[in-house]
Amino acid sequence: MNYRIHSHRFGETILKNDEEFTEIWREIHDIIHSISDDAIIKTFNEKYAAKNKSISKALNELFRLEFLRKGWASESPIFQDRDYSENVWRLDFAKENISLEVGFNHSGTIAWNLLKPVIASELNHVEKAIQTRIGVIICATQRLQRAGNFDSAIGTYEKYIHHLKPLNTQLTVPIVIIGLEAPDTFRIVEYLNGNGDKRGRVEEIYTTLIADDTPETYDEPLFEEDLD
């Protein structure tokens, strides 16, 4: 997949130039590039098309398999204390000194997804199970949101960036936000199945016909409550 990057507190500069991180940063790039359009289509059609309208679960599955294959810990707990062992206190993935979240969920979770790498990286009154130094968040751009038929309320790359300024004081560790771009060869078209439920269908397209010059602005509603 293609993607764009936004850096908070020089996160990308550190990952690219600090020898402690360069190899694992390259690994993250390799994993994202390994997710091909064909793999997304295959996974979506075989596992999720019958029950889902977007490619979010297909992408989650593909990323989970690739990160596990590269030795990343999945659902890694932040704390040792059993009172803080629920999913909300877990990272999607962790390896060495990096916390990583794959965020295709509701925009209401954006602030928490941004704070989790901070909690995993800073000292805490609760005994830690992991200690990282940098956070990476993989999410969908607005163009992928449209092309992949994601729900309009998901936390997009643009929304994550929008949160950084008011949360700047709280986000004390370097964070890199990776926005996945729309597929080059297909999009998901929504339709109603026989029961009247919304589902998605793959529609293959030619790259010469899908030039999307729509500017990425905040004129579109950023959050679900803006639609009321």
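From a predicted model like this one, the values you see are computed outputs, not experimental measurements.
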Under 3.5 Å, is there a donor-acceptor pair linking the side chains of [X] and [Y]?
X	Y	result
D37	T185	yes
E158	T141	no
T13	N17	no

Look up atom [atom1] in [X] and atom [atom2] in [Y], then write down how far apart they are to the nearest 0.5 Å.
X	Y	atom1	atom2	result
Y157	E181	OH	CD	8.5 Å
I24	N97	CD1	CG	8.0 Å
L115	L167	CG	CG	6.0 Å
I31	M1	CD1	CE	14.0 Å

With a 4.5 Å limit on heavy-atom distance, are the side chains of [X] and [Y] in contact?
X	Y	value
D184	N2	yes
W112	V88	yes
I178	Y3	yes
I177	H8	no
I175	R9	no

May I ask you to decide whether [X] forms a salt bridge with [Y], counting only side-chain N to carboxylate O separations under 4.0 Å?
X	Y	answer
K116	E101	yes
R26	E23	no
K57	E61	no

What are the two closest non-hydrogen atoms of [X] and [Y], and how far apart are they?
X	Y	value
Q145	A153	NE2-N, 4.4 Å
F63	L180	CE1-CD1, 3.7 Å
L114	L171	O-CD2, 3.5 Å
I55	F44	CG2-CD1, 4.0 Å
L68	S74	CD2-CB, 3.7 Å
I14	P174	CD1-CG, 3.7 Å

Same cluster or not: [X] versus [Y], using hydrophobic residues (I, L, V, M, F, W, Y) connected whenever any side-chain heavy atoms lie under 4.5 Å apart?
X	Y	answer
L65	Y48	no
I161	V173	yes
I40	V189	no
L59	I5	yes
F10	L100	no

Check whether [X] reaches the backbone of [Y] with its side chain - one donor and one acceptor, N or O, closer than 3.5 Å.
X	Y	result
N195	D197	no
S54	F150	no
N149	K53	yes
H163	I110	no
K16	T22	no
N168	L164	no

Check: side chain to side chain contact (heavy atoms under 4.5 Å, CB included) between F186 and E203: does it pass, once the steps are laid out?
Finding: CA-CA 5 Å; F186 76 95; E203 180 181 90; over 6 Å; no
Margin query: Assess the residue pair N105 and I154 against the criterion (side chain to side chain contact (heavy atoms under 4.5 Å, CB included)); give the C-alpha distance rounded to whole Å, side-chain angles, the decisive distance to 0.1 Å, and a yes or no.
Written below: CA-CA 5 Å; N105 36 10; I154 71 161; over 6 Å; no
Notebook entry, point to check: Does E27 have any side chain to side chain donor-acceptor pair (under 3.5 Å) partners at least two apart in sequence or in another chain, and if so, which?
Noted result: W72, K95
Note to self: salt bridge (charged side-chain N to carboxylate O under 4.0 Å, His left out), that's the test. Do R199 and E190 meet it? Break it down for me.
What the structure shows: CA-CA 6 Å; R199 296 292 183 264; E190 187 175 298; over 6 Å; no
Next item on the list: Check the pair T156 / L144 against side chain to side chain contact (heavy atoms under 4.5 Å, CB included), numbers first and verdict last.
Entry: CA-CA 9 Å; T156 61; L144 176 58; over 6 Å; no
Checklist line | H29 and W25 aromatic ring geometry - parallel, tilted or perpendicular at 30°/60° bounds | finding: perpendicular
Note to self: Once side chain to side chain donor-acceptor pair (under 3.5 Å) is applied, what residue pairs with a partner in residues 79-93 remain, sequence neighbours excluded?
What the structure shows: none
Item checked: Proximity of Y160 and H6 rings by center, below 6.0 Å -> no
Notebook entry, point to check: T172 and E122: side chain to side chain contact (heavy atoms under 4.5 Å, CB included), yes or no, with the steps?
Noted result: CA-CA 8 Å; T172 56; E122 296 282 18; 2.5 Å; yes
Sequence neighbours excluded and cut-off under 3.5 Å, please list the side-chain donor-acceptor pairs for residues 130-140, or say none.
unit_1: Q131; atom_1: OE1; unit_2: K128; atom_2: NZ; d: 3.2
unit_1: Q131; atom_1: NE2; unit_2: S121; atom_2: O; d: 2.6
unit_1: T132; atom_1: OG1; unit_2: S99; atom_2: OG; d: 2.6
unit_1: T132; atom_1: OG1; unit_2: S121; atom_2: OG; d: 2.8
unit_1: R133; atom_1: NH1; unit_2: E20; atom_2: OE1; d: 2.3
unit_1: R133; atom_1: NH1; unit_2: E20; atom_2: OE2; d: 3.3

